[in-house]
Amino acid sequence: MSVLDIDGHRIGVLFPAEDIAARVNAIARDIAARQPVNLVVVPILKGSFVFAADLIRAMHHAGLSPEVDFMILSSYRKSTKSSGQVTVLRDIETDVRGRDVLLIDDILESGRTLAFAKDLISARGSRTTLTAVLLDKPGHLAANIVADFQGFVCPDKFVVGYGMDMAHQFRELPFVGHVIPEQPASAKTRAEQET
Ligand code: IMP
Ligand code: MG
């Protein structure tokens with residue numbers, strides 16, 4: 001795994017840009033194969049904005065012409081652990097009644113964010129509510145949800161890049177990486193000797 005030094009942090013590359021692009025194209029083709037009707041794509045911001053931007057363009061190449069509207073949900077409170085509480089910071093303006101909706105999120109971890117959004121959209125009378133996530137981080141599921149489309153299974157690490165942040169940093173990275181925690185000086189010496 002390649003490790004980059006960015007802004008004083010060591011970031012290990014988990015999913016390089018080329019691998020992400022290939023998965024995004026494959027997901028777009030899978031979505032098109034479901035032949036959605038009158039499709040509205042709803043990226044759940046902020047973390048999904050890069051994934052969504054690439055996915056809707058890949059969807060165009062797969063023959064789809066979706067509308068796009070945005071929802072900002074908050075379930076994270078500064079720390080790297082979910083608070084469990086989901087709040088709508090910005091709602092969509094689109095009437096979804098009778099329409100196929102595709103929710104896009106960056107990561108499915110506890111599933112609370114996506115389950116909340118899916119319930120909300122379904123309760124408003126969408127015909128179907130599909131979900132696409134870039135990463136599925138298993139082992140923490142606390143809601144009854146499985147993404148219809150997913151990019152990669154994510155190791156149990158806090159990841160950044162490709163839209164995802166750690167305390168507002170690293171959204172701009174073109175790959176998905178994880179921040180390697182600082183090791184205490186003694187452990188560092190041992191680790192360095194091993195390599
Ligand atoms: P869930 O509600 O627990 O499924 O959390 C999903 C949301 O938590 C995602 O949309 C992300 O914004 C955020 N999240 C979960 N894990 C990570 C991570 O490793 N890095 C950055 N954000 C994360
Ligand atoms: Mg998010």
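Whatever order the structure lists ligands and atoms in, that order sets their numbers, starting from 1. Computed over heavy atoms, backbone and side chain alike; hydrogens, waters and symmetry mates excluded. All values reported here derive from a predicted model rather than from experimental measurement.
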Output a table of donor-acceptor pairs, distance under 3.5 Å, between side-chain atoms of residues 15-26 and any protein atom two or more places apart or on a different chain; print 'none' if there are none.
| unit_1 | atom_1 | unit_2 | atom_2 | d |
| --- | --- | --- | --- | --- |
| R23 | NE | G151 | O | 2.8 |
| R23 | NH2 | Q150 | O | 2.7 |
| N25 | ND2 | A21 | O | 3.3 |

Which residues share a side-chain contact (heavy atoms from CB on, under 4.5 Å) with R127, sequence neighbours left out:
V37, D100

Taking atom types as modelled, is there a side-chain donor on D106 or S48 under 3.5 Å from an acceptor on the other?
no

Flag [X] as yes when one of its N or O atoms lies below 3.5 Å from any N or O atom of ligand 1, and as no otherwise.
X    : value
E109 : yes
F158 : no
G111 : yes

[X] near ligand 1 by a heavy-atom separation under 4.0 Å:
X    : answer
G47  : no
V86  : no
K157 : yes

For the residue pair I104 and F51, establish whether any side-chain heavy-atom pair is separated by less than 4.5 Å.
yes

Nearest heavy atom to atom 9 (C) of ligand 1 wins, so pick from L135, D165, V179, D106.
D106

So between T113, D156, L108, whose heavy atom ends up nearest atom 7 (C) of ligand 1?
T113

For ligand 1, does D105 get within less than 4.0 Å through its side chain, its backbone, both, or neither, judged by non-hydrogen atoms?
side chain

Test salt bridge (Lys or Arg N to Asp or Glu O under 4.0 Å) applied to R90 and D69, step by step:
CA-CA 11 Å; R90 194 264 181 204; D69 199 349; 3.1 Å; yes

Co-membership, hydrophobic cluster, residues V146 and L108, 4.5 Å side-chain:
no

Here the atoms of ligand 1 under 4.0 Å from any heavy atom belonging to R112 are 2 (O), 4 (O)

Salt bridge between E182 and R10, side-chain N to carboxylate O under 4.0 Å?
no

